[in-house]
*Asks:* 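Below: one structure in structure tokens.
The first residue of the sequence shown is numbered 1, and numbering continues consecutively from there.
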Amino acid sequence: LVFTSAGDSSMLTQWFQPSGARDWDSCIVYYGKEKPKRWSEFADLYVEHKGGKFENLLHVYKTHPDFIAKYDAVFVMDDDVNIDATKINACFEIRENFDLWMMQPAFDPKG
């Protein structure tokens, strides 16, 4: 599962390119103000809730426990990460190889 808390200025459209390449599900929590249902077409689970990334992850965990329980791992990403579906797929391959249960990218190897 790829989880993000997304605002109005997000990189989400890039995450789903090239079209049809993703082999993961997504949960998007929209915290913006401008457009309700803003990112819903990209989400397997779409929620609108104000809060930070981990606050919103906890909200989803509490309000949709059956959805979260289906997954072996959660890839938590900021909505401004510049990445595409192919690279996200590769991250899940790394997760599988190293038996990781949670992942979060960083802009710098030092975190």
*Asks:* If you take all heavy atoms of L57 and V74, which pair is closest and at what distance?
*Replies:*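 The pair with the smallest heavy-atom distance is CD1-CG1, 4.5 Å.
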
*Asks:* Do any N or O atoms from the side chain of K53 and from the backbone of A6 form a donor-acceptor pair under 3.5 angstrom?
*Replies:*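 Not a single qualifying donor-acceptor pair exists.
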
*Asks:* With rounding to the nearest 0.5 angstrom, report the CD1 to CG distance, I28 to L12.
*Replies:*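 One finds 5.0 Å between CD1 of I28 and CG of L12.
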
*Asks:* Does S5 offer a backbone N or O that forms a donor-acceptor pair with the side chain of W39 under 3.5 Å?
*Replies:*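 No; judged by distance alone, with no hydrogens or angles, the pair does not exist.
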
*Asks:* Using every non-hydrogen atom in the two residues, find where F3 and N56 come nearest and quote the distance to one decimal.
*Replies:*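 In terms of heavy atoms, the two residues are closest at CZ-C, 3.7 Å.
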
*Asks:* Look only at the side chain of Y30 and the backbone of K35, and say whether a donor-acceptor pair between them is shorter than 3.5 Å.
*Replies:*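 Here the side-chain-to-backbone pair exists.
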
*Asks:* At their closest point, which heavy atom of A43 faces which heavy atom of S26, and how far apart are they?
*Replies:*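 Looking at all heavy atoms of both residues, the closest pair is CA-OG, 3.3 Å.
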
*Asks:* For atom OH of Y61, decide whether the heavy atoms of other residues, nucleotides or ligands shown that lie under 6.0 angstrom number more than 12.
*Replies:*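 Atom OH in Y61 is not crowded, with 12 or fewer foreign heavy atoms closer than 6.0 Å.
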
*Asks:* To the nearest 0.5 Å, tell me how far I68 CD1 sits from K62 NZ.
*Replies:*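 Spacing of CD1 (I68) from NZ (K62) equals 13.5 Å.
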
*Asks:* Provide the closest heavy-atom pair for K33 versus D8 in the form atom of the first, atom of the second, distance.
*Replies:*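 Closest approach of K33 to D8: N-OD2, 3.2 Å.
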
*Asks:* State whether the number of non-hydrogen atoms from other residues, nucleotides or ligands found under 6.0 Å of K50 atom NZ is greater than 12.
*Replies:*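 Count over threshold, so yes.
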
*Asks:* Using a 3.5 Å distance criterion without hydrogens, assess whether the side chain of D79 forms a donor-acceptor pair with backbone atoms of G7.
*Replies:*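 Checked: pair present.
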
*Asks:* Quick one: does any side-chain atom of D44 pair with a main-chain N or O of C27 as donor and acceptor, under 3.5 Å?
*Replies:*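 No, because the side chain of D44 does not come within donor-acceptor range (under 3.5 Å) of the backbone of C27.
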
*Asks:* With side chains defined as the heavy atoms from C-beta onward, is the minimum distance between H64 and H59 less than 4.5 Å?
*Replies:*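 No, too far: nothing below the 4.5 Å cut-off.
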
*Asks:* Search all heavy atoms of I83 against all heavy atoms of C91 and return the closest pair with its distance.
*Replies:*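 That closest heavy-atom pairing would be CD1-SG, 4.5 Å.
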
*Asks:* Does the side chain of T63 reach to within under 4.5 Å of the side chain of H49, using non-hydrogen atoms?
*Replies:*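 They are not in contact (no side-chain heavy atoms under 4.5 Å apart), so the answer is no.
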
*Asks:* For a quick test of reading the model, state the closest non-hydrogen atom pair linking E34 to R38 and the distance between them.
*Replies:*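 Minimum heavy-atom separation between E34 and R38: OE1-NH1, 4.1 Å.
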
*Asks:* Please check: side-chain N/O of R22 versus main-chain N/O of F16, any donor-acceptor pairing under 3.5 Å?
*Replies:*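 Answer holds: no.
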
*Asks:* Run through F67, W24, F92 and flag the one making a side chain to side chain contact (heavy atoms under 4.5 Å, CB included) with L1.
*Replies:*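 One option only clears the test, and that one is F67.
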
*Asks:* Do M77 and V2 come close enough that some side-chain heavy atom pair is under 4.5 Å?
*Replies:*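 The answer is yes; the side chains approach within 4.5 Å.
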
*Asks:* Tell me if a side-chain donor or acceptor on D84 pairs with a main-chain N or O of T86 at a distance below 3.5 Å.
*Replies:*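 Answer holds: yes.
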
*Asks:* May I ask whether Y31 and M11 are part of the same hydrophobic cluster, defined by side-chain heavy atoms of I, L, V, M, F, W, Y residues being less than 4.5 angstrom apart, directly or through others?
*Replies:*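 Cluster IDs for Y31 and M11 differ.
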
